[in-house]
Protein chains: 2
Amino acid sequence: MIKHKTKLEDVAKLAGVSLATVSRVLNHPNIVRPELRDKVSQAVASLSYTRDAAARALKSGRTHTIGAVVPTLGISIFAEGVEALQNRLSEHGYTLLLANSQYDVNKELQEVRALIERGVDAIVLVGDSSSNEVHALIKKHGIPVVITYVAHSKRGTPAIGIDNEAATREMTRYLIGLGHREVGVIANVPAANDRSRARLSGILKTLEEAGATLPKSRLIKAEHSLVQGRMGLQQLMKSHPQITAVICTTDTLAVGAMTEARAMGIPVPSALSITGFDDIELSSQLDPPLTTVSIPAAEIGRGAADHLINAIAGLPIPLVTDLPFRIVIRGTTAKARTTNPRRLTRA
Amino acid sequence: MIKHKTKLEDVAKLAGVSLATVSRVLNHPNIVRPELRDKVSQAVASLSYTRDAAARALKSGRTHTIGAVVPTLGISIFAEGVEALQNRLSEHGYTLLLANSQYDVNKELQEVRALIERGVDAIVLVGDSSSNEVHALIKKHGIPVVITYVAHSKRGTPAIGIDNEAATREMTRYLIGLGHREVGVIANVPAANDRSRARLSGILKTLEEAGATLPKSRLIKAEHSLVQGRMGLQQLMKSHPQITAVICTTDTLAVGAMTEARAMGIPVPSALSITGFDDIELSSQLDPPLTTVSIPAAEIGRGAADHLINAIAGLPIPLVTDLPFRIVIRGTTAKARTTNPRRLTRA
DNA sequence: TTCTATCCTGAAATCGTTTTCAGAAACAGC
DNA sequence: GCTGTTTCTGAAAACGATTTCAGGATAGAA
């Protein structure tokens with residue numbers, strides 16, 4: 001237990017200078033005469049003095065703290081992004097305040113409010129489907145903010161991430177190029193998830209452009225879990241055995257689908273191609289390894305940190321930082337089988 | 001942008017009372033006369049006033065903030081624990097400051113120091129292998145702390161978690177009961193990880209007690225990744241084809257091992273039993289589903305939150321909270337095959 | 001009605017910094 | 001040697017809440 005928390009005054013006394021000088025040495029070392037500066041630094045060191053964060057925050061109005069609200073840490077790309085974010089913040093002397101929304105816009109609002117009351121200097125959000133209240137609140141307090149994992153700005157809010165729609169477009173085109181026309185989709189569509197919507201939209205549009213418009217019955221909406229991936233595939237293949245490719249909007253769903261395909265005795269990729277999205281660690285280690293879209297989660301986290309640190313310093317930051325995704329072609333995709341039960345079912 | 005941040009004084013003026021009364025209504029509503037209290041509450045609401053956290057912290061010495069340092073969020077049990085911790089803290093008006101150590105004791109120390117300088121009211125650590133400096137620092141500041149994921153207290157520090165050694169003991173006994181004597185182990189052993197050590201120790205001791213002492217060459221030390229699980233299994237089975245069971249200290253390693261077993265054409269569980277530890281989501285969905293140890297990560301997070309909130313309030317908290325683990329027997333374990341290439345190789 | 005005990009309320013001090021403002025010191029120019 | 005600059009330093013005023021301490025109001029008792 002500490003008896004008498006050392007404060008600025010103690011340092012000043014020991015160094016034989018005023019409070020102001022000590023403060024200056026700590027904050028703007030270059031404006032104080034070298035010999036005094038050294039004397040003060042020495043005193044600081046010998047007392048192992050650290051400034052009281054609360055007092056500092058009160059007077060200066062800055063907490064050196066950044067808040068983030070993610071949907072959940074259970075999804076590894078968010079966990080990875082948060083970790084990278086925290087590491088970068090830490091390097092710059094910032095502390096991360098973390099909250100999760102469980103994909104619930106009201107909980108997100110509540111957590112953002114709590115963060116603002118804590119006086120965070122900036123905020124990181126995921127996606128652009130936060131409620132208007134959230135953005136109004138943030139704007140009202142004049143706090144820098146960045147939305148992550150998406151590469152478009154809705155309300156003029158800076159964004160850093162990938163173009164989800166472009167990614168699924170490319171993946172879908174790839175499958176079409178392999179001759180797939182009988183396609184099924186397993187998509188996770190939580191209400192508050194614009195990323196999933198963008199991914200789905202990319203698939204549907206590309207399919208349509210290729211003249212393979214997706215019938216409703218071939219679109220399975222699922223929660224983001226392995227089980228739902230399994231169930232989705234089962235449902236799809238039972239009712240549409242002619243399907244030659246299944247596009248999933250996340251790797252978790254795709255892995256579930258692969259497991260079920262194996263259980264149903266459907267060989268992947270010879271009889272059925274499966275694709276994912278996210279490129280989680282597991283995907284490359286499966287047998288066969290999963291064809292998927294790799295997204296730079298760590299880079300998103302680091303980039304968000306950098307942007308906000310700049311914004312706090314009053315520097316301008318880019319409105320949209322469109323990071324590259326990567327289509328990773330592995331073992332779960334192949335040319336469409338030609339021995340279809342029936343050929344070309346129309347929508 | 002806010003022009004004139006509403007403060008206590010504004011509320012007081014509107015309600016026609018003094019600052020002190022407003023503060024009382026906010027902190028100890030019961031000691032102020034109901035009619036005044038209502039008037040103040042109304043004023044607070046109509047101005048949508050919130051107290052300045054920094055000023056509050058400065059004067060009261062409490063930040064209503066709790067810090068946690070975890071090795072990494074990349075391991076799902078930690079992500080799950082952190083999420084549960086944050087949710088519970090949030091319910092009680094606390095904010096989580098999160099940092100990660102990457103299993104590096106120096107980084108952990110540095111992050112703990114940063115947390116303390118931020119003035120956290122309490123700290124959550126993972127495991128009991130933090131450096132002495134960390135504990136000395138925490139003690140010096142008189143900050144409540146709890147270590148998680150383990151069920152023993154080393155330096156008198158409260159702990160909440162499971163008995164890792166007991167868990168692997170039970171699992172190993174189960175395998176021995178199935179007739180396995182030719183056993184291999186894939187263990188992740190980062191330097192700063194007492195949990196892994198405890199898990200390994202439980203395996204080795206139990207094996208020894210059963211007269212099946214593990215030769216060094218059958219213990220593969222691995223990093224915590226799927227790839228290393230694969231490589232571990234390969235190494236093990238190539239040099240010791242007589243092995244009938246492989247115990248892994250995490251599910252990730254076990255999943256890697258399963259993948260490799262399949263690639264090597266070794267049927268699981270008929271020719272080889274494999275066990276994991278953690279029970280991550282994937283494990284139950286594999287084919288065959290993985291036999292493993294299930295640990296109550298969310299409960300650990302919630303419990304840590306509850307303990308610390310109590311400790312801050314000056315209430316006593318239990319030194320050790322030993323939460324139950326669960327041996328989950330699924331499809332990767334079966335009786336030892338009897339058609340061994342060779343019988344009973346001795347150490 | 002007056003006095004005492006009980007409850008509340010408000011004025012003011014305080015928490016530990018940062019920062020403005022003005023004055024002291026040092027220096028150069030004439 | 002004296003005045004005009006320039007550079008640093010220190011005293012003091014915030015920042016916005018919490019809380020002590022004492023006095024005023026109210027109620028109860030005589």
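Numbered from 1 within each chain, the chains take letters A, B, ... in sequence-line order.
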Pair A/Arg88-A/Glu91, salt bridge (charged side-chain N to carboxylate O under 4.0 Å, His left out): steps then yes or no: CA-CA 5 Å; A/Arg88 183 56 63 96; A/Glu91 288 169 14; 3.5 Å; yes
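In terms of heavy atoms, A/Ser90 sits closest to B/Glu111 at OG-OE2, 2.9 Å.
A donor-acceptor pair shorter than 3.5 Å cannot be found between the side chains of B/Gln102 and B/Glu108. Between the side chains of B/Glu117 and A/Thr50, no donor N or O sits under 3.5 Å from an acceptor N or O.
Rounded to whole Å, atom C1' of C/dA26 lies 14 Å from atom CG of A/Leu36. Distance CZ (A/Arg118) to C1' (D/dG16): 16 Å, rounded to an integer number of Å. Atoms NZ (A/Lys39) and P (D/dC8) sit 16 Å apart, rounded to a whole Å. Atom NE2 of A/His64 and atom P of C/dT17 are 14 Å apart (whole Å). Atom CD in A/Glu35 sits roughly 15 Å away from atom P in C/dA25 (whole-Å rounding).
Looking only at distances, no side-chain donor or acceptor of A/Asp322 sits under 3.5 Å from a matching main-chain atom of A/Ala151. Judged by distance alone, the side chain of B/Arg118 and the main-chain N or O of B/Leu97 form no donor-acceptor pair under 3.5 Å.
For B/Arg33, the side-chain atoms get nearest to C/dC8 when compared with the rest of C/dA11, C/dC8, C/dG16.
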Protein proximity profile, nucleotides 17-27 of chain D - base contact B, sugar-phosphate-only contact S, no contact -, cut-off 4.0 Å on heavy atoms: BBBB-------
